[in-house]
2 protein chains.
Amino acid sequence: MTPPDRKRTGLRDVATAAGTSVATVSRVLNNTGYFAEQTRARVLKATEELNYNPSLRAKGLRQKRSFTIGLLIPNLLNAYYTALADAISQLLTKAGYQLLLSSTRDDPVLEQATLRQMIGHDIDGLLWVPTVGDRKTVDILLSQNIPCVSIVRRVEGDRVDTIVFEDLAGSYAAVKNLLLLGHERIGFIGGDISYNSNNDRWLGYSKAIKDAGLEADADLVKIGTVRDTWGSIATDQLLHMKVPPTAIFAASNAIMPGVMKMLLQYQVAIPKEMSLICFDDLDWFTFSNPSISAVSISHERIAESAVALLLQRIESPEENKRPPVLMSISFELLLRKSSVAPRRSLPHWK
Amino acid sequence: MTPPDRKRTGLRDVATAAGTSVATVSRVLNNTGYFAEQTRARVLKATEELNYNPSLRAKGLRQKRSFTIGLLIPNLLNAYYTALADAISQLLTKAGYQLLLSSTRDDPVLEQATLRQMIGHDIDGLLWVPTVGDRKTVDILLSQNIPCVSIVRRVEGDRVDTIVFEDLAGSYAAVKNLLLLGHERIGFIGGDISYNSNNDRWLGYSKAIKDAGLEADADLVKIGTVRDTWGSIATDQLLHMKVPPTAIFAASNAIMPGVMKMLLQYQVAIPKEMSLICFDDLDWFTFSNPSISAVSISHERIAESAVALLLQRIESPEENKRPPVLMSISFELLLRKSSVAPRRSLPHWK
DNA sequence: CTGTTAGCGCATTCAG
DNA sequence: CTGAATGCGCTAACAG
C-alpha cells in the first residue's frame with residue numbers, strides 16, 4: 001500500500017468557483033431548502049466546469065447510509081445465480097443503489113469473512129444466498145440491524161425475510177410427470193441436502209414416489225456435492241445398477257453437463273432409453289437434440305420480490321419492524337422431448 | 001428515504017470499554033506505531049466483546065482509499081462475461097478489495113452515468129469492458145486519475161491499460177480450418193462491429209477468406225446487434241441464399257442458441273450439411289450432438305492479467321506513471337465434430 | 001435566501 | 001508508549 005495522491009474536487013472547490021458557500025452548493029445540488037434561482041445557475045455552472053462528482057462516501061457517512069447493497073451468492077459460474085445477479089443488478093441500479101458483489105464458494109468461513117467486510121462497508125441492505133444459514137452467522141448480521149433478505153435458501157429459524165422457489169412442489173411435479181408416463185424406476189441426482197433447497201427437491205421426489213405407491217429404492221437416489229464431475233459420477237452409478245432407472249431427474253442445472261456427457265459416452269438414447277428432466281431451465285435445453293424437459297423458475301420474479309422486500313425495509317422504519325416473511329415463487333413445468341414413456345427393452349449398455 | 005436509526009459500534013465505544021483512547025485502539029487494530037502489549041490485550045478483548053467492525057468507509061475517507069474496485073461489464077447473461085466476473089471477483093477478494101459491479105447493457109448513456117456513480121463511490125480502480133470507449137467517457141475517467149484497465153474491448157486511442165483476446169488471430173484460425181477442410185462458402189455471423197472485438201473477428205474472417213484466394217461474398221457476412229434473436233435471423237438468411245454456405249462461423253457464443261434453433265427448425269444436419277464453429281467455448285458444446293468446435297479463450301487468464309495490472313497501478317505510484325500497455329491473451333482451437341468437409345449434395349431444405 | 005459550524009468514524013500529527 | 005486535536009467531504013441544524 002502506498003500514499004494516495006489523487007485529489008478530488010470537492011464541494012469547497014465548487015463553492016469557491018461559484019462564489020458562495022458549501023452549504024448553498026449542497027442545497028442546490030440536492031435540491032433541498034431554499035436558494036435563489038440565480039445562485040443555482042452559478043453553482044450548476046461551476047459544477048459542470050469542474051466536472052464535479054459528489055463523494056457518496058462522505059455523504060453517506062454523514063447521513064448514515066451508503067447507497068450500497070451487498071449481494072452474497074455462491075458463485076457466478078452457474079446460470080442459476082448469474083440470472084439472479086443480473087436481474088438484481090438492474091433493479092438496484094434503477095433504485096439508485098450500487099451493488100457490492102461477493103461469492104461465498106459455499107464456504108461458511110469465507111462467507112462470514114465476506115459478510116464482515118460488507119458490514120464494514122456499511123451496506124444499506126443485503127441480498128443473500130446463505131451457505132448454511134447457521135445461527136452464528138445470522139447473528140452477526142442481525143446484531144448490526146442490517147435489513148436482509150435471504151434468497152433461494154433459508155436460514156435457521158427463518159429469522160430474516162426469505163424468498164425461495166417452490167422446490168418441493170416443482171420437484172414433485174417433475175417426478176409426478178415421469179410417473180404418469182409410466183416410469184417406475186426414477187433416478188434422482190441432487191446436491192448437498194444440508195442446503196434446504198436441495199433437501200426440498202429431494203423431499204419432493206421422495207413424496208412423489210411414495211404417493212405413487214412405489215417402494216423407495218435408496219440406490220436410485222444420488223446425493224452429493226455439486227461439482228462438475230458429480231453429474232457424471234452419479235449417472236455412471238445409475239447406469240450400472242442391476243436394474244437401472246428408466247428416467248433421471250436432475251435436481252440442478254449444474255448437474256446436467258455431467259449427466260449428458262455420461263449418457264453420450266454410453267450411447268444411451270434420450271428419450272428412448274432414458275427420460276430426462278431437470279430442475280431449472282437452461283437455454284440449450286430448447287435446441288438440444290432432443291429438447292430437454294425442465295422445471296422452469298423465474299429468476300426475474302425472485303429478484304423483483306427480493307429487491308422490493310429489501311427496499312421496503314431500508315426505506316421505511318415501520319416496515320423494518322415487521323416480522324420476517326417467507327415467500328415462494330411458483331414454477332412452470334416445461335414438458336419437452338426428453339421425457340416419454342419408459343423403454344420396454346433391456347438396457348443396451350449393460 | 002427515511003431517517004437512519006442503526007447505530008454502529010465505533011472506535012470510541014471500543015476505547016471506552018478498553019479504558020483507553022481511540023488513537024490507541026486505532027494503533028493496535030492497525031498494528032501501527034507503538035503500544036504496550038498489555039493495552040493490546042485489553043483492546044482486543046473489547047473489540048471482541050463489542051463485536052466491532054471497523055467502518056471501511058470512514059477509514060477510507062481518511063486515507064483516501066475505498067478498498068473497492070469497480071467492474072463495469074455489458075451484462076451478466078453471457079457466459080463470456082460471467083466467467084470473467086467470477087474470476088475477477090475471486091482475485092479481488094483475495095487481494096482484500098470489494099467488488100462494485102454494474103452492467104452497462106451496452107448503453108453508452110447508462111455507462112457514463114454508472115461510471116460517475118462509481119467515481120462518486122471513490123473506487124480505487126476500475127475494470128472495464130467499455131461500450132464504445134469514446135474520448136469523452138474516457139476523459140471523465142482519466143480526469144479523476146483513477147487507475148483503470150480495459151478488458152475485451154479497447155478504448156479510443158488506447159489511453160488506458162488494455163487486455164484483449166486475440167480476436168483477429170482466433171477468428172482467422174477458425175476460418176482457416178474450415179477452408180482447409182474444403183469449404184468455399186463460409187457464413188459469418190457476428191455482432192456490432194463498432195466494438196473492436198467484433199470488428200477484429202470480422203477482419204480475421206475476411207483475411208482468411210482473402211488469403212485463401214476466394215472472392216468475398218458480402219451476403220455471407222451477417223453483422224448485427226447481438227440479441228437472442230439475431231442468431232436465428234442471420235442463420236435463416238444464410239439458409240435462404242441462392243447458394244447457401246456449407247459452414248457457419250459464429251463470432252460469439254451469444255449467437256449460438258439462435259443458430260442452433262434455426263438449424264434444428266430446418267432440420268439441417270450438423271455437420272453433414274453444415275459445419276459449425278464458434279468463437280468462445282461453452283460447456284454444452286462438448287456434449288452437444290454433435291460436439292461443437294470452438295475457439296477457446298481463457299477467461300481466467302484475462303482476469304488475472306487485468307487484476308495484476310490494475311493492482312500494480314493502484315499500489316505503486318511509480319507504476320501508475322507508466323504509459324498504458326496493450327496485451328492480448330492467446331486462444332486455442334478446439335476442433336470437435338461440428339466441423340468436417342463440406343456437403344457434396346444440394347441442400348435439402350431449399 | 002445564505003453562511004458558519006458541528007460532527008459522521010476514523011487515522012494521524014503532535015505533545016506529552 | 002499514550003491521548004487530545006485535526007480533518008477527510010459532506011449534510012444538517014442554526015443563526016443571520
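A note on names: the letters A, B, ... follow the listed sequences, proteins ahead of strands, and every chain is numbered from 1. As the structure is a prediction and not an experimental result, all values here were calculated from the model. Heavy atoms only: backbone and side chains are in, while hydrogens, waters and symmetry mates are out.
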If you only use heavy atoms from C-beta on, which nucleotide in C/dC1, D/dG9, C/dA11 is closest to the side chain of B/K59?
C/dA11
Spacing between A/N31 atom CG and C/dC1 atom P, to the nearest angstrom:
13 Å
So, are A/D86 and B/R105 salt-bridged, with charged N and O less than 4.0 Å apart?
yes
Expected output: side-chain A/D106 to main-chain A/T131 donor-acceptor under 3.5 Å:
no
A/A23 side-chain proximity, nearest of D/dA12, D/dC10, C/dT12
D/dA12
Give a yes/no answer on whether the side chain of B/K64 brings an N or O atom under 4.0 Å of OP1 or OP2 in D/dG7.
no
Return the nearest nucleotide to the side chain of B/S21; candidates are D/dT6, D/dG9, D/dG3.
D/dG3
Please report the distance, rounded to the nearest Å, between OH in B/Y52 and P in C/dG9.
10 Å
With respect to the phosphate group of D/dA12, does any side-chain polar atom (N or O) of A/Q63 fall under 4.0 Å of OP1 or OP2?
yes
I'd like to know if A/R57 reaches the base of C/dG9 with its side chain such that a donor and an acceptor end up less than 3.5 angstrom apart.
no
Give the rounded distance in Å between these two atoms: CZ of B/R62 and C1' of D/dC10.
16 Å
When we call it a touch if two heavy atoms are under 4.0 Å apart, what does B/S55 touch: a base, just sugar-phosphate, or nothing?
sugar-phosphate
Identify whether the distance between the nearest side-chain nitrogen and carboxylate oxygen of A/R40 and A/E37 falls below 4.0 Å.
yes
Tell me which nucleotide among D/dG3, C/dC8, D/dC8 gets nearest to the side chain of B/R12.
C/dC8
Could you give the CG-to-P distance, from B/L61 to D/dC10, as a whole number of Å?
9 Å
Classify A/L11 by what it touches in the nucleic acid, base, sugar-phosphate, or nothing, heavy-atom distance under 4.0 Å.
base
Contact class for B/Y34 vs. all strands (heavy atom < 4.0 Å): base, sugar-phosphate, or nothing?
base
Round to a whole Å and report the spacing from CZ of A/R42 to C1' of C/dC1.
12 Å
Just call it for A/T32: base, sugar-phosphate, or nothing, with non-hydrogen atoms closer than 4.0 Å on any strand.
nothing
Check whether any side-chain nitrogen or oxygen of B/T24 sits under 4.0 Å from OP1 or OP2 of D/dG3, and answer yes or no.
yes
Among C/dC1, C/dA11, C/dC14, which nucleotide sits nearest the side chain of B/R27?
C/dC14
Atom CD1 of B/I119 and atom C1' of D/dG9: how far apart are they, to the nearest Å?
16 Å
Distance in angstrom units between A/F35 CZ and C/dG3 P, rounded
13 Å
Exceeds 12 heavy-atom contacts within 6.0 angstrom, atom CZ of A/R322
yes
Report yes if the distance between the aromatic ring centroids of A/Y80 and A/H299 is under 6.0 Å, otherwise no.
yes
OP1, OP2 of C/dT2 versus side-chain N and O of A/T39: anything below 4.0 Å?
yes
Ranking B/G19 and A/V22 by the position along DNA chain D of their nearest nucleotide, the one closer to 5' is B/G19
Starting at CG of A/N30 and ending at P of D/dG9, how long is that distance when rounded to a whole Å?
17 Å
Taking every non-hydrogen atom, the tightest pair across B/A306 and B/V149:
O-CG1, 3.6 Å
